[in-house]
Every structure is written in C-alpha cells, then in structure tokens.
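A quick write-up on the structure given underneath.
On a predicted model such as this, the values are computed, not experimentally measured, just so you know. Lettering of chains follows the sequences in order, A, B, ..., and the numbering in each one begins at 1.
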Number of protein chains: 2
Amino acid sequence: MATGDNSSEKSLARAVSILDCFRPEQPEWGVSEIARHLHLSRSTAGRLLQSLQAQGVLGQNTATRRYIMGSKVLTWSSAYMSQLDVARAARAALVELHRVTCETASIYVREGTERICVERIESPESVRVVVRRGERMPLHAGSAGKALLAFAPEEIVRQVLSKPLERMTSRTIVVRKQLLKELEIIRNCGYAISHGERFEDALGLGAPIFDSTGRVVAALNVAGPITRFTDDQAARFTPILLQLAAQASQAMGYRGTYFQSILRSE
Amino acid sequence: MATGDNSSEKSLARAVSILDCFRPEQPEWGVSEIARHLHLSRSTAGRLLQSLQAQGVLGQNTATRRYIMGSKVLTWSSAYMSQLDVARAARAALVELHRVTCETASIYVREGTERICVERIESPESVRVVVRRGERMPLHAGSAGKALLAFAPEEIVRQVLSKPLERMTSRTIVVRKQLLKELEIIRNCGYAISHGERFEDALGLGAPIFDSTGRVVAALNVAGPITRFTDDQAARFTPILLQLAAQASQAMGYRGTYFQSILRSE
DNA sequence: TCTATTGTCCCACATCGTGGGACGAAGTAT
DNA sequence: ATACTTCGTCCCACGATGTGGGACAATAGA
C-alpha cells in the first residue's frame, strides 16, 4: 500500500509519493531531504519538486528554498468534500452538535477497513480532543469507528477481525469476541460510546448516518476529555446525538425508522 | 496560468490538469469526458486516471465507472493547513466568532492579488452565506478582501489597481479612487464592512490578523444575509470581531498596539 | 433490435524523464 | 579567516517510459 507500483506511470507515482511526504508533523521539505527519503537522485527530486511548484501544487519558502504544500490542494479537497454529500447533509448536524456540547464534533466515513475524518469542529477549550481532517483511524477503536463498524457489511467486520486488533490505549478493545458483543450492543442502542479506547482520557459518542438505501455512509461523533465530558454529560447528549444523526440521515434521503424505534424505547 | 507548460514533466502537468477538472460544480468525470475536455487521447486520459486512482488520489464510482476525488487530497490539505499556522492560531477566534454571531465565519489569506478561504464555519441557518475552503476571490470586493488589501504592501495595491476592478455585484467598488479612499478608512477603523459588494444581499465584516513582524497574514470575517445580519447587528459585532482579531494576532506573535488604539478610540 | 459511445487493451515509436557528474552558493566546523 | 561539507541547480547522453492510433467487448440510448 505504501509503494503502489501497480500503476505504470513512474514519474506520476513519484510525484504522489513526494506529496505524501508533506504531513502535519513535517510540512517542509528540501530537495536532498526528499531525495534521501524516497531514494531518488537529487536531480529527479529537484525537478519533480520544481514541476509541482510550477503547477501550483507545492509552494516554496523563498528564504530557505524549502518546499511546502500549495493552496491548490485546498481546492482539490473541496471538490472531494462536495462529491461526498454526506458532509453537506451532515454539516448542520455537526454545527448543532458542537454548539450544544462545546466539545470537538466530527464526521467520519469508512474507507475499506479504516475511517477518515472528513469534517470537524474543534472545541474552543484549550484542553480538547484534536482530530485533523483527512486523518485515518481504525474502525475497532473509538466511538465513531465502532458505530461505522456495527452497521458495516459483514465482509468488512470479517476483514477487521482477520488482523490483530491494534491496541491504541489501555482501554482499546483487542479481544475479537468482546468487539463483536460490543457491536451487537451498539446496534441495539443506536449509538456507540468509547471510554478512552482511541484517545486516553477522552470520552466519545458516535452514531451512524444512513443514506436512502439504508447503508451507513458516515458516523457523527462528539468527544471530549473525561475531566469535563463526564458520563452524566454523555447521558444528556446521547438523545441529542441520535436526534441529529436521524436528521442527517433524513437529509441523505434515509426514510427508514431505525432512529424512531431507538428514540421511542429510550 | 491555465496551461502552465513552464514545467518539463508533461505527464505530471497533465495529471495536475486532470485533478483541476474535479470541482464542486462537477465532481465526477468519465474517461472520454476528460479526454475531450483536455484534448487528450482516450488512452492517455484513461491511463492517467487509472494511475491516479491506483495512487489513491482519485476514487471511482464502481457502478458508473466515473472518477471522483479520493480521500488522499484531504490528507494533503491538512498538511497545507498545518503549515499555515494562521489557521491554527485563528481557529479559536473563528469558533468564537461563529458562536456569537451564528453566521458564516471564515478566514482568508492573500495569495498574490487574490484571497483564498482557508477555513470557515457555516451558519446553521438555511439562508446563509456559503463559501468553500480553497475558494478564490478578489481582494477589492468583500470585507475580508478589503481588510487584506488595506494592510497589504503597496506593491500589491498597485497590482490590483493596474487591472480593471471586476464587478461582482451592483455594489462592488469598481472606481479606483473610491477603493483607495475605502482602504484609508479601513486602516483608521481597524475593520472593513461590505454591503453586498461580493455577494448581493449579504453584509460582511472583516478584520486583519497580524503576525510577529507586523504584517497581515490573514483576515477574519463574518457574513450573513442582510435580512438577518442588519447594520445594528454589525455594529454590535464589530468590537467582538476586533477583539478576536487582536487575540488571533497575539496568538501569531503580534505584539503591536494597533488594536488597542482602535478599541480605545471606539 | 441496431447504433453510438463508453472504458480498456495492445503495440511500435520517439519523446520525455532519468541519474551521474559538475558547478557555485550557502552553511558549518576547524 | 580557511577548509570542508552540504545544499540546489544545471547539463547531457541514454533508454525507459509515456504516447496516440486503432481494435475490442460492454454498456447505454434510440
């Protein structure tokens, strides 16, 4: 997956792997640095970087001559977002969830056996859960991940279980049987709760968003530090979360009665 | 600018122009469609699209075989954002501005003689100002644009004035002298106001954010439909906007007294 | 049903990308 | 200050790599 040499275009593949080097942890790269990192000659690395800059994909710190991401990728990502109508449909719910809870609220979609944060509003508090748009996380850890997994096709659950469940914190569920039981509970409750399974010391709530065909297309999530986001708070927010997930599902064209049956039984 | 054939890499340039086709207005493309649009042979277009998909840059609607943006661009854009520490420093201000006003709040940075929306929280209302991350707009129209321009280097002002000022709405300032006078006023007030200059029927407020060297690095903006966002409201929100711009500037390392002098004189 | 258009595959050709090496500039240690 | 390393860029000959035409089956539309 790291070196997908499946494609024929070599220079293109290299350009992509160059772009992949630019990450929040290290947003700036020099020519030789890239060359070393990707085992390229400096000529090649330099020329590719120049080309990418000429195309506006990369920018350059004129002082240090080091390269940084360019603003073009923002435009691309907005194209991605608009095609993902989940994000559009769920945005109102996201804003409302954030307004009510004042905690970090986010939306995840599943891609294969991972989930990706496609939108998020962070808590204004200085101690908060931080997630970045585009960040990938596992499905088995964290409320949003479990919510996605609980309603995913069986095939996906099988794939997730076929590999060892990576431990993210001391409370991550790593026992297969326990995870399956948890997914069952989630299907009954309509939401998932995570006590520090993904981030130590954080509590998270997650609920599925369905589309018109009844498939899960996303998970709505809110998470905060346990010092502030207590179980009492979580209990208060749960019906709101479900209400908003129902509303977002409706916006996606969902006409089923899953949420009604859950909310009635509460 | 459309066909930057400055770069040597041909396939790379083509790949980039393919990616540029994916826009919110048309997020899905077929092979032949792309080939026609960019005057490529179907073989070439198809192969490039396949490669881009293999790299994870594009996705594919398996039913229609048409291509869409892939989630990788989200990761790239988060690298761009993190390198832009403006966004980080100003996020708290953005959230607060949105919370207080319940209108669409956004952050713009200048790039050449344009501005780009790098972050935004949309109003939960159904009638609202809509801007997309990565969207480019002119500097002379709209509150955030004028705020950026008012504090930009003279060279930039000259460049903006050297071309005709494009009319975006009936109220856009298109007379050079009038724009210069407006910029003067903005420097005195510390903020810019736009009555439908960029979007017809919208009112916007914009304030500059400075960094440690005293240069403007961004503009903080809030905008809403005039039916709801009246002049009275604007007057109430102005000191808050200035306060938040001051706070964001401080987070960027600004130690000047510009905002104090403005806020004192109010 | 027939027809037009789609996406994919194959292949010969030459264009385009490649890496080695040389160069001056900038930074670092002595 | 000098010597040394490391930086980004440039040049160039070689050949790997990307190219477009055409054929193909599959699909969509009439």
What nucleic acid atoms does A:S43 come within less than 4.0 Å of, heavy atoms only: base, sugar-phosphate, or nothing? base

Between B:A45 and A:G46, whichever has its closest DNA chain D nucleotide further toward 5' is A:G46

Rounding to an integer number of Å, can you tell me how far A:E33 CD sits from D:dC7 C1'? 11 Å

Atom pair CD1/CH2 of B:I68 and B:W29 - distance to nearest 0.5 Å: 14.5 Å

Whole angstrom value for the distance that separates C1' of D:dG8 from CD1 of A:I34: 14 Å

Look at the side-chain N and O atoms of B:R47 and state whether any lies under 4.0 Å from the OP1 or OP2 oxygen of C:dT8. no

Does D:dG18 have OP1 or OP2 sitting under 4.0 Å from an N or O in the side chain of A:S11? yes

What is the distance from CG of A:L48 to P of D:dG8, rounded to the nearest Å? 14 Å

Please check: side-chain N/O of A:R115 versus main-chain N/O of A:P138, any donor-acceptor pairing under 3.5 Å? yes

Can you tell me the distance, in whole Å, between the CG atom of B:L40 and the C1' atom of D:dG21? 14 Å

Nearest whole angstrom, please: distance from the P of D:dT19 to the NZ of A:K10. 15 Å

Using a 4.0 Å heavy-atom cut-off, does B:R36 contact any base of the nucleic acid, only the sugar-phosphate backbone, or nothing at all? sugar-phosphate

Within the pair B:R14 and D:dT19, is there a side-chain N or O less than 4.0 Å away from OP1 or OP2? yes

Any N/O donor-acceptor pair, B:R42 side-chain to C:dG7 base, under 3.5 Å: yes

Sugar-phosphate, base or nothing in reach of A:T44, heavy atoms under 4.0 Å: base

Both A:L12 and A:R66 contact DNA chain D. Which one's nearest nucleotide lies toward the 5' end? A:R66

Would you check if there is a donor-acceptor pair between the side chains of B:T113 and B:Q159 at a distance under 3.5 Å? no

Atom pair distance, as rounded to whole Å: CH2 in B:W29 and P in C:dT5: 18 Å

Using a strict threshold of under 4.0 Å (side-chain N to carboxylate O), is an ion pair present between A:E122 and A:R132? no

Side-chain donor-acceptor contact under 3.5 Å, A:Q50 with A:Q60: no

Roughly how many Å is it from CD1 in B:I18 to C1' in D:dT19, rounded to a whole number? 13 Å

Would you say B:R65 places a side-chain N or O within less than 4.0 Å of OP1 or OP2 belonging to D:dT27? no

D:dT17 C1' sits how many Å from B:Q50 CD, rounded? 16 Å

